[in-house]
Peer 1: 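Sharing a structure, written as structure tokens. Questions coming.
By convention in this document, chain letters (A, B, ...) are assigned in the order of the sequence lines, proteins followed by strands, and residues within each chain are numbered from 1.
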Amino acid sequence: KMKGSDNQEKLVYQIIEDAGNKGIWSRDIRYKSNLPLTEINKILKNLESKKLIKAVKSVAASKKKVYMLYNLQPDRSVTGGAWYSDQDFESEFVEVLNQQCFKFLQTKAETARESKQNPMIQRNSSFASSHEVWKYICELGISKVELSMEDIETILNTLIYDGKVEMTIIAAKEGTVGSVDGHMKLYRAVNPIIPPTGLVRAPCGLCPVFDDCHEGGEISPSNCIYMTEWLEF
Amino acid sequence: MTQAEIKLCSLLLQEHFGEIVEKIGVHLIRTGSQPLRVIAHDTGTSLDQVKKALCVLIQHNLVIYQVHKRGVVEYEAQCSRVLRMLRYPRYIYTAKTLYSDTGELIVEELLLNGKMTMSAVVKKVADRLTETMEDGKTMDYAEVSNTFMRLADTHFVQRCPWVPATENSDPGPLPPAPILVISEKDMYLVPKLSLIGKGKRRRSSDEDATGEPKAKRTKHSTDNKEPIPDDGIYWQANLDRFHQHFRDQAIVSAVANRMDQTSSEIVRTMLRMSEITTPSAAPFTQPLSSNEIFRSLPVGYNISKQVLDQYLTLLADDPLEFVGKSGDSGGGMYVINLHKALGSLATATLESVVQERFGSRCARIFRLVLQKKHLEQKQVEDLAMIPAKEAKDMLYKMLSGNFISLQEIPKTPDHAPSRTFYLYTVNILSAARMLLHRCYKSIANLIERRQFETKENKRLLEKSQRVEAIIASMQATGAEEAQLQEIEEMITAPERQQLETLKRNVNKLDASEIQVDETIFLLESYIESTMKRQ
């Protein structure tokens, strides 16, 4: 495989192979092999032209280039996985998925509420497992990239942080569809527990110059333009 | 006392009681407890005026006094009690919903007068109610007394502490200030009065008689001075009980929003059963068995025992953790976790403010850090699925707004920034305090704006008042339509428009004050409950 290369090249190739699909940075190669920078660069160019290694841009620091074996798939931590296409975070894609998942859970909860059966059944049928949501999204076909159940779970987690969804974990027998390590995650759409609080209904609650405002100053309640606009509303 | 609180107290005292009381009150709030002469000296007001101002403040339970060593009496103002004046409309409205107009007027009279005897309250309320009734009908004293007794039974009104009757006939040297005592069991005892009478309607014909009947009238009023049967027994509104009621309302509506109507009714029943048995500052209510709850459900709610049990299990399992199961006897013992409920409500308030002020993505980051307790910058970006640049921007915005704080964990003893972990975290108690402070300042701003708007249009208001007085007097002496029309036209159409706008603005500002006060209530309850547990 490496006919015609000298020991140094063999050493560098070994180091890159050891790094697996996470790749390794050129400076790390230098540390590991103790070779001078110029030599490393020459060798790397050589190996690249022989199509034995390739450079992949890391998503964490866009200037860094990591090297890995040519035929390896870069690990998710380098490319960012399903949410990154060409080092760009796909916010719109994430937003769309977010909304679709929420709508699915919302309709499920509503049908459960309207079924008017006894409360236990109502509650249990308003839950959807992560597997169910994953199937629904795959069938929708809005994603060009294949999404795993874990990807869907990260999206559902963002919905939890939005306060729109709550999650429970139940024990499930090994082998039931969607169970991982003996448990399943269930998600349910919920309403916020209080309406927007009183403070934000007054202009002072949202005012950006609140700290500068005092009677007799340039910004004061008497001449507040936010209040004037709000009163005219 | 923070500057914002002192400013707000000053505005409230001025609006309700006037300049002098405001000066004395604010001085006492600022300096703590002081004796009479020092107050007079420091504020530069005459002793007489200080005495009158203190009388007013003590009557309204805003100032308390204590006898110290060497017979010095010191007066102390209670800032938090002054701030309660903002909540008077809410108390009156609650009394109205629970005990209809009679209850509303009783509570209103008690709040406006500070302390009153029961007979005085009953008489006044009966008179007021008779005014609003149709001709020929009057309000019976007995009905008002009944409502009063019900208010006392549910602890919404309580007796004021009084001077204990001394046993020995020789009084000895009188103490400089009376020591007031009250025992727990006497607080809600209604004296046995037989108040017989009906409300008196104030007849307009009485006003016409002038001059000569005046002498007769003064004699008539002194004839009515019978000895008041319950002299010395004063009542005041029990604000803590009202607060308990508001807290229960907030919990019930939270459950209704998260689950459904039936669950919230069950929670309401549980809270009602614990009203008298649980002290107001307790973190948990007394355990209630499912059988008891089933018996106490409101009439008309026919759900079977099994369904009730199912609902209780669901409530206990819910991630909200408002209801907890404490045992299995009697069909299952359940408690309501008051402290947790207040915590969730306060957290929801914080989240709501972050959402409205900074946007829903910021709210997502806020909730994320809240749930995970401590997070690094990178973890925040990954878990919230927000691009790095935006996430950083939002975190710094919230940091400067004091909603989020940084925790440094150094890797090396020299705390070098490149070798330190910086973790974002939310400290709910301090964020709640910060928000509370902002609420106080906001209400002060709203009050100032309201006063400003009124002052701006003072000339117009005075004019409209004059015109109304002229019209009223002309109507009394019987004037023609044409003349009345002429007088009314003294106020031009644009001026009328201006008056309308002014009325609308003042109402809006007033309503907004009450809304901000709701936020204050939630935050204060949470802070109080947390401090009591520490």
Peer 1: Check each atom of B:T349 against the heavy atoms of chain A and say whether the ones under 4.5 Å are side chain, backbone, both or neither.
Peer 2: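 Both backbone and side chain of B:T349 come within 4.5 Å of chain A.
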
Peer 1: Between A:V200, A:D162, A:V190, who has the most heavy-atom pairs with chain B when the cutoff is under 4.5 Å?
Peer 2: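 The candidate making the most pairs under 4.5 Å is A:D162.
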
Peer 1: Which bit of B:T262 is near chain A, if near means a heavy-atom gap under 4.5 Å: side chain, backbone, both or neither?
Peer 2: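 Neither part.
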
Peer 1: Which residues, numbered in order, of residues 431-444 of chain B come under 4.5 angstrom of chain A by heavy-atom distance?
Peer 2: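 Near chain A, by residue number: B:L435, B:R438, B:C439, B:K441, B:S442.
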
Peer 1: Can you run down the salt bridge (Lys or Arg N to Asp or Glu O under 4.0 Å) pairs that involve residues 307-323 of chain B, sequence neighbours left out, and say none if there aren't any?
Peer 2: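 Applying salt bridge (Lys or Arg N to Asp or Glu O under 4.0 Å) to every pair that reaches into residues 307-323 of chain B, excluding sequence neighbours, yields A:R188-B:D318, B:K305-B:D309, B:E321-B:K340.
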
Peer 1: Check each of B:V255, B:L312, B:L314, B:V323 against B:I266 using the side chain to side chain contact (heavy atoms under 4.5 Å, CB included) test, and report the only one that passes.
Peer 2: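 Option passing the side chain to side chain contact (heavy atoms under 4.5 Å, CB included) with B:I266: B:L312.
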
Peer 1: Answer yes or no on whether B:R357 is positioned over the face of B:F403, meaning its NZ or CZ is under 6.0 Å from the six-membered ring centre and within 45° of the axis.
Peer 2: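 No, B:R357 and B:F403 do not form such a contact.
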
Peer 1: Can you list the residues that meet the salt bridge (Lys or Arg N to Asp or Glu O under 4.0 Å) rule with B:E390, with sequence neighbours excluded?
Peer 2: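 With sequence neighbours excluded, B:E390 shows a salt bridge (Lys or Arg N to Asp or Glu O under 4.0 Å) to B:R361, given in chain and number order.
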
Peer 1: Looking at A:P195, A:A202, A:P196, A:G205, which makes the most heavy-atom pairs under 4.5 Å with chain B?
Peer 2: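 Looking at each option in turn, the highest pair count goes to A:G205.
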
Peer 1: Side chain, backbone, both or neither: which part of B:I514 has an atom under 4.5 Å from a heavy atom of chain A?
Peer 2: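 Neither; nothing under 4.5 Å.
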
Peer 1: Got B:R258 and B:S264 here, is their nearest side-chain heavy-atom distance under 4.5 Å?
Peer 2: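 Not touching, per the 4.5 Å side-chain cut-off.
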
Peer 1: Using a cut-off of under 4.5 Å on heavy-atom pairs, state which of A:P203, A:C207, A:S220 scores highest against chain B.
Peer 2: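 Most heavy-atom pairs within the cutoff with chain B belong to A:C207.
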
Peer 1: May I have the list of side-chain donor-acceptor pairs in residues 506-513 of chain B shorter than 3.5 Å, sequence neighbours left out?
Peer 2:
residue: B:K508; atom: NZ; partner: A:W230; partner atom: O; Å: 2.9
residue: B:K508; atom: NZ; partner: A:F233; partner atom: O; Å: 3.4
residue: B:E513; atom: OE2; partner: B:R450; partner atom: NE; Å: 3.0
residue: B:E513; atom: OE2; partner: B:R450; partner atom: NH2; Å: 3.2

